Amino acid sequence: MSLSTILTPSIEKAIQTLFDVTIDKIEFQTTRKEFEGDITMVIFPLLKLVKCNPVELGNKIGNYLVENVPEVARFNVVSGFLNIVIADSYYLNFFNEIKSVEKFGFVAPSANDKAVMVEYSSPNTNKPLHLGHVRNNLLGYSVAEIIKASGKKVYKTQIINDRGIHICKSMLAWQKFGNGETPESTGLKGDKLVGNYYVAFDKAYKAEITELIEAGKTEEEAKKQAPIIIEAQEMLLKWEAGDEAVKTLWKTMNQWVYDGFAISYKNLGVNFDSFYYESNTYLLGKDVVQIGLEKGIFEKDPDGSVWIDLTDEGLDRKIVLRSDGTAVYMTQDIGTAIQRVKDMPDVGGMVYTVGNEQDYHFKVLFLILKKLGFEWASNLFHLSYGMVDLPSGKMKSREGTVVDADDLMQEMTDTAQKIAEDLGKLDTYSDEEKSKLYNTIGLGALKYYILKVDPKKRILFNPEESVDFAGNTGPFIQYTYARIQSILRKADFDLNAISGITEIHEKEKELVKQLELFPEVIQNAAHNHSPALIANFTYELVREYNSFYQAVSILGETDLNKKIFRVQLSRKVADVIADSFSLLGINVPERM
């Protein structure tokens, strides 16, 4: 139970008793650092109801609370603010309640609650995952874990863009230039091999465009008339017509990519409960368009195309079916959303992890689904995020200038290795232990650096800065966790043999206050779809712990009760660090 929950009825009673006034709401805030206090009541709103000097008013309420509320030790009044000091007994009782609770702050889902489906990753099968996909996957996975911890059942899913002209480009380039090579024959991951042919297509296409321009064509004509793009378009038509040879090649090359993706996902530490494929969903939604026409939600133009007019909603007219009867992406997304609820009837909401360039698309999609009358449509959320830039600039897939996700993860591990070796504290580690530690630190640095930033903000990613062992970084937090594990290994006494603690050090109190915030932080992070709230809570917890570690003796304390309490407190802090980092998909090392 939070302090505000405990204090509210007592303050209401104080105001009723002292001034014969009923108040609707009491405003609390965190006590400013320069004043003594754990929680502050704002007096000013009361002055409209009670004709009194604010300092006198605060003193009267404060005295009432000290006399009648055991949790209140003392108070001070500064202008229109009542700073309340909470008794040590409150923090001791709270800590004793939570110290043995596993997954403190996590809420188990209720059997009757609707589930939430979180979509993330959603790559194309013509190239490997890159830095942009890394942010997408880390955000989607973390938000899914946070929503789950807040008390909801969660399904993780993705839709794979496995059809279209971009897929045919890789297929055609492989046919032309591949000489039958495979992932096995080249030793390359399948997604990288296919990605190489996407780049090869673009190179050949540009060469043909240049040739045609030199022969007198305009650039626009050259782009349309280049033989290789015409061949790719013909291949797409064959795919849509079910041509057996094209379909076989498509299945083979896509499987190479899926096998490659599986390795990347495993290394990144993300997973999925289900997969949707655009090749299976691109016809979905066409039947819904007919229903929408009958309901008057959609309208048909003279050329046979079908639209929805959203100008009254501040948007524009949006096409949902072309004049030739083919679907557009919006139609597919409408159909896929409906299909997902059919597949998982307990789904009552969805989160789409997609970059902010699609903000408008999702506004329109959600509005259409609401107009179609689906109850769950009011629980749809676009987890919109900014792009990730590098100091060297933007990435372009077709030109082969992307930052490959596998290469990035390896670079992070290598950077962690270099820094750890420079610090020179791993002499007793086996090679296997070292390798695991480098990976834990490197990936922890990458994930934390990306997730500590509000999703909506653009990120300039600096690998070296992210692996710093000081400041607001993953390795700094991991190091604190490892430091606590070292304390716990050295604590060769019974941690339950404690009695008679009635007072705690100010630094201990600050730590317990920070721990007390964790359940609310999880709920807020779930509500706001923001792993940054978890990341920054964890950093503040670690800062408080390091301040505590510097201020008091732990294992060197001569009073056994105090020593036991401090080790118990350290252990609980470590548990919460590990649990909060698990919500970010980050592992913690036992030793560093």
Side-chain angles (χ1 to χ4, degrees), residues 128-129 131 134 137-138 141-142 145 187-189 192 260-271 390 403-452 461-492 535 538-539 541-542 545-546 549 554-555 570-571 573-592:
L129 303 176
L131 178 55
V134 170
N137 275 274
L138 296 182
Y141 176 85
S142 180
E145 292 296 311
L188 282 175
K189 277 174 80 239
K192 291 202 175 29
F261 283 170
I263 294 168
S264 300
Y265 290 141
K266 184 180 179 185
N267 291 339
L268 194 57
V270 301
N271 55 30
L390 291 154
V403 176
D404 180 274
D406 297 314
D407 293 345
L408 176 64
M409 286 188 275
Q410 186 59 53
E411 182 189 338
M412 295 302 299
T413 300
D414 293 344
T415 304
Q417 177 175 351
K418 182 179 181 303
I419 291 173
E421 285 175 346
D422 289 346
L423 291 172
K425 295 181 178 179
L426 305 178
D427 296 342
T428 60
Y429 286 49
S430 68
D431 288 344
E432 186 181 342
E433 286 173 327
K434 286 178 184 176
S435 178
K436 185 179 178 185
L437 180 62
Y438 301 148
N439 184 261
T440 298
I441 296 170
L443 282 185
L446 169 67
K447 293 179 179 184
Y448 187 84
Y449 195 94
I450 286 175
L451 293 174
K452 74 177 181 180
F461 180 68
N462 185 326
E464 296 244 342
E465 188 180 293
S466 72
V467 190
D468 196 338
F469 277 72
N472 190 4
T473 67
F476 171 69
I477 294 169
Q478 289 172 322
Y479 184 78
T480 302
Y481 177 86
R483 168 182 273 172
I484 296 172
Q485 297 313 301
S486 175
I487 291 169
L488 296 178
R489 284 191 293 272
K490 293 172 184 172
D492 55 351
T538 314
Y539 175 59
L541 175 64
V542 163
Y545 183 81
N546 284 313
Y549 181 84
I554 301 175
L555 296 178
S570 297
R571 181 175 61 187
V573 169
D575 289 346
V576 172
I577 291 171
D579 287 343
S580 58
F581 258 31
S582 75
L583 297 179
L584 304 178
I586 301 176
N587 294 324
V588 285
E590 295 300 305
R591 297 192 297 160
M592 271 175 85

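What you see is a predicted model; the values in this text were computed from it and never measured.
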Just distance, no hydrogens or angles: give the donor-acceptor pairs under 3.5 Å from side chains in residues 582-592, sequence neighbours left out.
{"from": "Ser582", "atom 1": "OG", "to": "Asp579", "atom 2": "O", "distance (Å)": "2.6"}
{"from": "Glu590", "atom 1": "OE2", "to": "Tyr481", "atom 2": "OH", "distance (Å)": "3.3"}

Practice prompt. Please confirm whether the backbone N or O of Gly260 pairs with a side-chain atom of Lys189, one donor and one acceptor, at under 3.5 Å?
Written response: yes
Item to complete: Answer yes or no: does atom NZ of Lys436 have more than 12 heavy-atom neighbours from other residues, nucleotides or ligands under 6.0 Å?
Response: no
Discussion item. Between Ser142 and Lys447, do the side chains contain a donor N or O and an acceptor N or O under 3.5 Å apart?
Written reply: no
Item to complete: Nearest 0.5 Å please: distance from the CG atom of Asn267 over to the CG atom of Asp406.
Response: 6.5 Å
Practice prompt. Check whether any side-chain heavy atom of Phe476 sits under 4.5 Å from a side-chain heavy atom of Tyr448, and report yes or no.
Written response: no
Worksheet entry | Atom pair CD1/CZ of Ile554 and Arg483 - distance to nearest 0.5 Å | 9.0 Å
Fill in: Heavy-atom closest contact (Pro475 atom, Ser466 atom, distance)
CD-O, 3.5 Å
Practice prompt. Determine whether more than 12 heavy atoms belonging to other residues, nucleotides or ligands lie under 6.0 Å from atom CZ of Phe261.
Written response: yes
Worksheet item: Got Val542 and Tyr479 here, is their nearest side-chain heavy-atom distance under 4.5 Å?
Response: no
Discussion item. Which heavy atom of Thr428 sits nearest to which heavy atom of Glu433, and what is that distance?
Written reply: O-OE1, 4.2 Å
Fill in: Shortest non-hydrogen contact between Met409 and Ser264, atoms and distance
CE-O, 3.8 Å
Worksheet entry | Atom pair CE/CG of Met412 and Asn439 - distance to nearest 0.5 Å | 11.0 Å
Worksheet entry | Glu464 CD: over 12 foreign heavy atoms closer than 6.0 Å | no
Worksheet item: Among Leu446, Asn462, Ile419, Thr473, which residue meets the side-chain contact (heavy atoms from CB on, under 4.5 Å) test with Val467?
Response: Ile419
Worksheet item: Who pairs with Leu541 by side-chain contact (heavy atoms from CB on, under 4.5 Å), at least two apart in sequence or on another chain?
Response: Leu511, Gln514, Leu515, Phe537, Val573, Val576, Ile577
Worksheet item: Roughly how far, to the nearest 0.5 Å, is CD1 of Ile487 from OH of Tyr549?
Response: 5.5 Å
Worksheet item: Does the pair Leu408 and Phe461 meet the rule for a side chain to side chain contact (heavy atoms under 4.5 Å, CB included), with working shown?
Response: CA-CA 11 Å; Leu408 176 64; Phe461 180 68; 3.7 Å; yes
Fill in: Separation of Ser570 OG from Asp575 CG (nearest 0.5 Å)
11.0 Å
Discussion item. Please list all pairs meeting salt bridge (charged side-chain N to carboxylate O under 4.0 Å, His left out) that have one or both residues in residues 407-423, counting only residues at least two apart or in different chains.
Written reply: Lys418-Asp422
Worksheet entry | Residue pair Gln478 / Thr440: nearest heavy atoms and the distance that separates them | NE2-O, 3.1 Å
Discussion item. Let me confirm one number: the CG-CG distance from Leu555 to Leu488, rounded to the nearest 0.5 Å.
Written reply: 9.0 Å
